[in-house]
Amino acid sequence: MGMRKDMSGRTLSRLSLLKIALVAGSALAAPSAVQAQAAPAPAQDQTAAPADAPAADDIVVTGFRQSLEKALNVKRISVAAVDAIVAEDIAKFPDQNLAESLQRIPGISIVRDAGEGRAITVRGLGSQFTRVRLNGLETIATSTDGASANRDRAFDFNIFASELFSSLVVHKTAEASLDEGSLGAVVDLNTGNPLAGKAGLHGALSAVASYNDLAKKTGPRLAGLVSWRNDAGTFGASLSAAYSKIYTLQMGNNSVRWAQARFDSVDGTPCFANTTGSIAAGTLAYTTARPNSGGTYRPSAACDRATLSFHPRIPRYGEINHMRERLGVTGSVQFEPTEKTKFSLDALYSRFKENRGEKWGEVLLRSNERSVDVVNPVYDANNNMIKATLNDAWVRTENYLRKSSTEFYQVGLTWDQDVTDKLRFTMVGGVSKSNADIPVETTIMFDDRDAQGYSYDYTDMRRPKLTFGTSVTDPANFQLAEIRDRPSNTTNRFKTVQLRTEWDVTDQFQIRLGGVWRRFNFDVAAYTRDASVCGNGGTSVVTSTSGTIACSLTSVFGPTAIYGFQVTPALSELFTLRPSGQPAGNTDQWLVANLPAAAAFTQLYSRPLVADAGNIRGVTEETRGGYLQADAKGNLFGLDYALNFGVRYVKTLQSSYGLVGAVNNTVKRSYDNWLPALNVALYPTQSVVIRGAVADVITRPSLGALTPGGSADGFNQRVSTGNPNLNPFRATNYDLSFEWYFARGAIASVALFKKDVKTFTQSGSITGLTYAQTGAPVTALNPSSPAAQSIGTVNDQLIQPIWTLQTTINGSGATLKGVELALQLPFNVFTENSFLRNFGIIANATFIDSSATFNLQGPITSAFVPATGALGPLSNVTVVNTLSNVSKTAWNGTIYYDDGKFSARAMVSYRGRFHEGASGTGNLLEGYGATTNLDASIRYKLTDNVEISLEGNNLLDTYRYRFTDWDADRNYENNHFGRIIMAGARFRY
């Protein structure tokens, strides 16, 4: 493990070996020192140029092909399983989005939001199982998605501009010296490294226009970098900045899950009636029918069939528009006063703003089925009422606006010191903060609660036909019935101090010793201004600019009922649905609220904020740990090898708090983990590497599940609480890979992996409770929910045994095993044709077999419980399926052409069907259907310093289909995001 010298005689640290691997072949490229572990060289020095490296008079490749070669060098010299993506040049990452770059690595799939890659899964494990380090420091970056801010351990890659980064490195196997916390992978994001560049002043500038063909809007994407290094190579500095503003449109349909419920009547058969006698005494007799509300359920073949079938809760079409604005700045200063000492100061700032608007036309079946008359229902083989006409339906239109902003910063200081020729250390310290703020999350709803002739048809689950029988464009038919505003904030903070030491005992043996202290703070605060305009009679609880109104009792039904303010043209606007996959005959126009006018009219933002108890919570984790690792290399029976083995110890001190109603609960605990790891690399020949690894790994529990607080869902009769005593996910990972570097820039590989998950968390529930039996206070109910509004009426939902208490529990083990196949093939390997030799392909595929047991709430099996007359509770069901977020098959392929002046590439990626875990309302395991995406780009160098480009993302305009039940395949949503076309130019000096 002796130190190595460069041509000038300067001593090279181990980390510098990786810099050599990255910067080889590019004088201008300046990727940072990636955090992969270099392999101790076998008999032939693996850190030197490979045997098939080009001679001095060979052509040195540049551009995309060069980035592939540099990334392959990172992989080749590592003992552990590592993959990388490296920038083609300064401020020129090969993809527009970091997540979309990562999906080119075998075993990685991405999760898209608004058409952009947002999060990743590695070898079937979701984003919460992946740890991300930025310039060597663990961190979390948080943004918002379709529902809320990210409130878990997942890292949101979409808040950063890709131009700010020089390399991504994915560690697929654990090492004792590698930060713990991942069952899937550790991902290193690396920004500038000015001392790795040429002396003098250098820079680059790019300008791109981005156009979305659905939104039909164009936004700018600008990036620039400037770096300087002195001639002596002892001081360097760099500064980069990137700005973009993009517009995308998301269009399609949504059901908000499917559910079971009792209806007013089915094909003319009344389902409710007045009664005499007693259910308990067996003297129950039915008299006059009770339409729309009240009464006792009257079993019949028609009513029972409709009750026990699943129907869409809120069938609807609509559009979601996104405006996303990013600003990112990075800075790096490096000072190397002697050949033994180097200081690096790295800082990054990012601001990500998004405005998200939604407009929907729907029927609110959820919790309102009691008033609905069902006509001509059609059922499929999966017990779905896929088609029906509804009378006395609750028609609703919604206009929604969320304004969000994420600010992220990180500052890190690194001190690299060679104490002697054989002993060195690295001291790293830093802080980071991600603050995701949602100051506005407003919805205003118009209702027509006795609409006639509404019909839906889900014969084609992906493209339903939804038709309103009464006018939804006439303000006279609507009342402004409900207002919402739900501001919130999610903040993540990290503080880290870490010491890493290396001692070269001999040329063949090294000892590593290190320690780490880290503190992570996660805090959520959320509030509501929600209100239904009318309660149960009396005057409205919402005061408009014209005062209050007299409200009807909730038992009053029909056109005379008053449940909101009369809609006027001044409070509304007409929405027209554009192509969203809807069939002919679908209703494509409806009124929605004019948000500024309606918010001012209801004085929404003057209403006091009410604490959203279930979303005021937090976790503090302090970790203290250390590691001892030995690295060795040598030759055994004529076979070169390199290995590392060691153990990591970590103690986690956890404190979590949360609200139940107005009560703040805090729970503290701690736990220890010993995490041994072994990585071995064998070198049968200069071009073949065989790797094996085994390690114990952990991922700490989901942040949302750790809260000792809870929330009450008065729409779905469910009380949810956290569990601060959850154990971490624990697993033993096994890996075996075979890599053949058969030519320069080429590899064919097979990797086998198995994850023996000993513990993981899952949902647990108790059904058939009254609200009081759940232990939650009435104050935890959202005031606009049906349960809160029913208090004191004959239909008081709190006293009925229809409530479910849901929490998260420690589950039993699961298994996951799979194989990765990868090929990187530049065509110059087998042809000297001046045209064909510039082509190449990159392809990989991952196949996974996984098994886990889930205890879930399944369908209701009884429409009428004889003892009480109530609707039966959800059943308890045990399901065996894959682990959450596991696609059994995923692959992607890229074909490229690069002659140094002109380059082009096209990439197609496929991800198979997968589930995300427990669903709700009796559905089992919701998730996403299979997707195929196509991206392409063309670049041309006008001069050595000027390049123009044309790129296209999502060229197939792929629809994203989401289902609520794995077997029944019930539609949750199906939408598309449009194609993104980018044209621009890049300049460097």
* Is E138 salt-bridged to R133, going by a charged N under 4.0 Å from an acidic O? -> no
* Proximity of F408 and Y349 rings by center, below 6.0 Å -> no
* In Å and rounded to the nearest 0.5 Å, what is the CD to OG distance from Q334 to S238? -> 7.5 Å
* **Flag for T130-S182: side-chain donor and acceptor within less than 3.5 Å** => no
* Pairing residues for L401 by the side chain to side chain contact (heavy atoms under 4.5 Å, CB included) criterion, not counting sequence neighbours -> K403, L595
* Structure fact -> Residue set satisfying side chain to side chain donor-acceptor pair (under 3.5 Å) with R519, at least two apart, ordered chain then number -> E622
* Asked: Would you call R486 and D530 a salt bridge, taking side-chain N to carboxylate O under 4.0 Å as the test?
  -> yes
* Contacts of H976 that satisfy ring-ring contact (aromatic ring centres under 6.0 Å, His included) - sequence neighbours left out -> Y959
* Structure fact -> Applying side chain to side chain donor-acceptor pair (under 3.5 Å) to E621 and not counting sequence neighbours gives R153
* Hey, are K359 and E573 close enough for a salt bridge, meaning a charged N less than 4.0 Å from a carboxylate O? -> yes
* To do: Could you tell me whether a side-chain N or O of D935 sits under 3.5 Å from a main-chain N or O of N954, the two making a donor and an acceptor?
  => yes
* Can you name the residues that form a ring-ring contact (aromatic ring centres under 6.0 Å, His included) with Y972, not counting sequence neighbours? -> none
* Taking NZ, NE, NH1 and NH2 as the nitrogens, is one of them in E336 or R229 under 4.0 Å from a carboxylate oxygen of the other? -> no
* side chain to side chain donor-acceptor pair (under 3.5 Å) with T139: which residues, sequence neighbours excluded? -> S432
* Asked: Is a salt bridge present between D523 and R493, judged by a nitrogen-to-oxygen distance below 4.0 Å?
  -> yes
* Residues in side chain to side chain contact (heavy atoms under 4.5 Å, CB included) contact with V333, at least two apart in sequence or another chain -> F235, A237
* To do: Taking ring-ring contact (aromatic ring centres under 6.0 Å, His included) as the test, write out the residues that go with F520, two or more places apart.
  => F494
* To do: Could you tell me which residues satisfy side chain to side chain contact (heavy atoms under 4.5 Å, CB included) with A241, sequence neighbours excluded, listed by chain and number?
  => V329
* What residues form a side chain to side chain donor-acceptor pair (under 3.5 Å) with E916, not counting sequence neighbours? -> none
* Is a salt bridge present between D179 and R518, judged by a nitrogen-to-oxygen distance below 4.0 Å? -> yes
* Thinking salt bridges, do E358 and R402 make one under a 4.0 Å N-O criterion? -> no
* Residues forming a salt bridge (charged side-chain N to carboxylate O under 4.0 Å, His left out) with R351, sequence neighbours excluded -> none
* Structure fact -> The ring-ring contact (aromatic ring centres under 6.0 Å, His included) partners of F343 (sequence neighbours excluded) come to W415
